[in-house]
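The structure appears below as structure tokens.
Below, each value reflects all heavy atoms present in this structure, side chains not excepted, and no hydrogens, waters or symmetry copies.
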Amino acid sequence: MKHPTLLAASILLAHSAVAVNEYGCNINEQVFVTTAQQLVSLGLKDLGYQYVNIDDCWSDKQARRNPITHELIPDAIKFPRGISHVADLVHSMGLKLGIYGDAGTDTCGGYSGSLGYEDIDAATFAKWIDYLKYDNCNVPASHADQYEYSPEGVTTTAPATYNWSTSTTAARYRAMGDALRSQNRTIQYSLCAWGHAHVEQWGNTTGHSWRMWGDIMPAWAGKEQWSWGLMPIVNQASFLWNASDFWGHNDWDMLEVGNGDLSVEENRNHFAMWCALKSPLIIGTPLDRIRPEVLGILGNRELIAFNQDPVYGASARPYKWGYNPDKTSDLVHPAEYWVGMSVKGVHVFMLNTRDEAVKMRAVFAEVGLQAEGEYLVHDMWTGKDVGVFRGEVEVEVRRHDTAALRITEVDGSLPTGRA
Ligand SMILES: *[C@@H]1O[C@H](CO)[C@@H](O)[C@H](O)[C@H]1NC(C)=O
Ligand SMILES: *[C@@H]1O[C@H](CO)[C@@H](O)[C@H](O)[C@H]1NC(C)=O
Ligand SMILES: *[C@@H]1O[C@H](CO)[C@@H](O)[C@H](O)[C@H]1NC(C)=O
Ligand SMILES: *[C@@H]1O[C@H](CO)[C@@H](O)[C@H](O)[C@H]1NC(C)=O
């Protein structure tokens with residue numbers, strides 16, 4: 001049994017992707033201070049959300065670096081009192097601050113990257129922040145990998161025995177990781193390498209979390225440019241869920257809960273699956289006009305508790321695909337039946353990938369429980385017990401929704417024979 005460091009870290013709040021779409025690069029001191037205040041006033045801080053993350057576009061795009069010290073220069077219009085002032089305010093509220101960097105010459109938005117400046121930048125970051133998201137744009141040809149691999153398409157010519165930890169990508173990420181570790185500050189290191197170079201094989205020895213795929217977008221399925229809907233990401237997770245445990249986590253990207261045209265059911269599905277996968281929980285919806293039902297989803301204590309479990313570090317795993325034969329890769333119908341353990345019991349997540357409501361059955365024998373046993377079933381969405389069942393429990397799951405059930409002995413204790 002190990003201690004979960006990620007407890008603190010895996011709940012985060014970022015102003016990235018959609019928030020960036022929302023604000024463009026029009027971020028400023030006030031955006032982050034207001035976000036911090038809202039985290040407190042909406043009760044999200046008390047639930048464990050504790051990082052306020054500054055994404056791309058925070059530094060001075062023209063001046064880039066101090067000509068003498070080579071330190072990054074914050075944008076003086078967006079941050080007239082510097083990043084340190086934002087850090088002081090955020091810290092004074094009992095929260096933590098995150099910032100953004102890039103393992104190339106330039107960030108994705110064209111601001112200065114950190115390649116070759118890792119030690120200087122780590123020292124700068126250590127003056128302010130507690131979390132670094134490190135992106136992967138604008139990598140010069142001189143730093144190209146010997147073999148390429150990206151999870152969304154580039155198949156690799158690497159020999160099966162190739163050690164991806166020796167790739168140039170891994171070296172670029174290690175350089176910043178080593179630089180951060182030599183600072184006198186605890187900094188969560190979030191690798192944003194998009195699953196390239198099989199980051200799931202070396203992320204755990206390099207940082208605390210690692211992005212597994214291209215960017216997320218608020219859509220059920222499909223792809224636009226480099227952004228993907230929910231189901232393609234869950235499909236990838238159906239195969240690579242096992243790289244996460246205590247100390248290191250697959251990052252399935254920030255939460256789109258509350259964004260775009262996602263239905264209530266799709267928002268629920270998204271949050272339940274990200275909790276089940278032990279992904280960092282990074283709110284990506286603007287808090288100033290958050291709808292009550294969205295706040296309710298992001299504030300589900302039982303799902304957050306599963307994500308942050310103090311004893312069971314592993315992600316939930318698919319035990320049955322359902323719609324498709326087991327182990328089928330399908331960007332629209334990934335694995336539908338997932339099981340995971342927590343200190344509270346056996347948790348079954350049943351995800352309806354179909355376009356209509358269906359009845360789904362959690363068969364106890366399929367999740368390591370006794371076939372003829374009687375168990376108490378609890379609904380993690382309503383927070384109420386459903387009843388005592390023998391052999392299986394059947395529930396109707398609405399289109400694109402996810403049932404989140406907790407199964408225990410009838411007296412509420414942890415089942416003995418279990419997944
Ligand atoms: C892969 O390379 C790393 C160095 O980057 C080394 O520490 C590790 O032992 C290697 N793994 C294998 C299986 O050879
Ligand atoms: C490291 O940080 C701690 C806490 O902020 C401080 O007490 C200590 O003096 C620092 N050590 C060095 C070597 O700077
Ligand atoms: C991750 O690394 C830690 C030690 O840093 C180790 O205890 C743990 O088993 C590793 N997890 C995986 C999934 O490799
Ligand atoms: C995860 O599963 C893959 C594929 O079955 C396997 O190669 C890998 O070793 C597993 N990783 C861990 C950390 O168990």
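Remark: Arg361 CZ is loosely packed, at most 12 non-hydrogen atoms of other residues, nucleotides or ligands lying under 6.0 Å away. More than 12 heavy atoms of other residues, nucleotides or ligands lie within 6.0 Å of CG in Asp355, so this atom counts as buried by the packing criterion. The number of heavy atoms from other shown groups lying within 6.0 Å of CD (Glu356) is above 12. Within a 6.0 Å radius of NZ in Lys344, no more than 12 heavy atoms belonging to other residues, nucleotides or ligands are found.
Separation of the Tyr189 and His208 ring centroids does not fall under the 6.0 Å cut-off. Checked against a 6.0 Å centroid threshold, the rings of Trp128 and Phe79 do not count as neighbours. Aromatic ring centres of His270 and Trp274: separated by under 6.0 Å. Two rings, from Tyr337 and Tyr323, have their centers 6.0 Å or more apart. Between Trp194 and Trp213, the ring centre distance reaches or exceeds 6.0 Å.
Between the OG atom in Ser167 and the CG atom in Asp145 there is a gap of 4.5 Å [rounded to 0.5 Å]. Here OH of Tyr375 is found 9.0 Å from CD1 of Ile407. Values are rounded to the nearest 0.5 Å. Considering CD1 of Ile83 and CZ of Phe32, their distance stands at 8.0 Å, rounded to 0.5 Å. Taking OG of Ser279 as the start and CG of Leu255 as the end, the distance is 7.0 Å to the nearest 0.5 Å. The distance from the OG1 atom of Thr285 to the CG atom of Asn259 is 4.0 Å, given to the nearest 0.5 Å.
A search for ring-ring contact (aromatic ring centres under 6.0 Å, His included) contacts involving Trp220 returns His400, not counting sequence neighbours. Checked against side-chain hydrogen bond (donor to acceptor under 3.5 Å, both in side chains), Tyr134 has no partners two or more places apart in sequence or in another chain.
Side chain to side chain, Glu148 and His196 fail the donor-acceptor criterion of an N or O pair below 3.5 Å.
Geometrically, Lys133 does not engage Tyr100 in a cation-pi contact defined by less than 6.0 Å to the ring centre and at most 45° from the axis.
In this structure, Trp210 contributes its side chain and Gly207 its backbone to no donor-acceptor pair below 3.5 Å.
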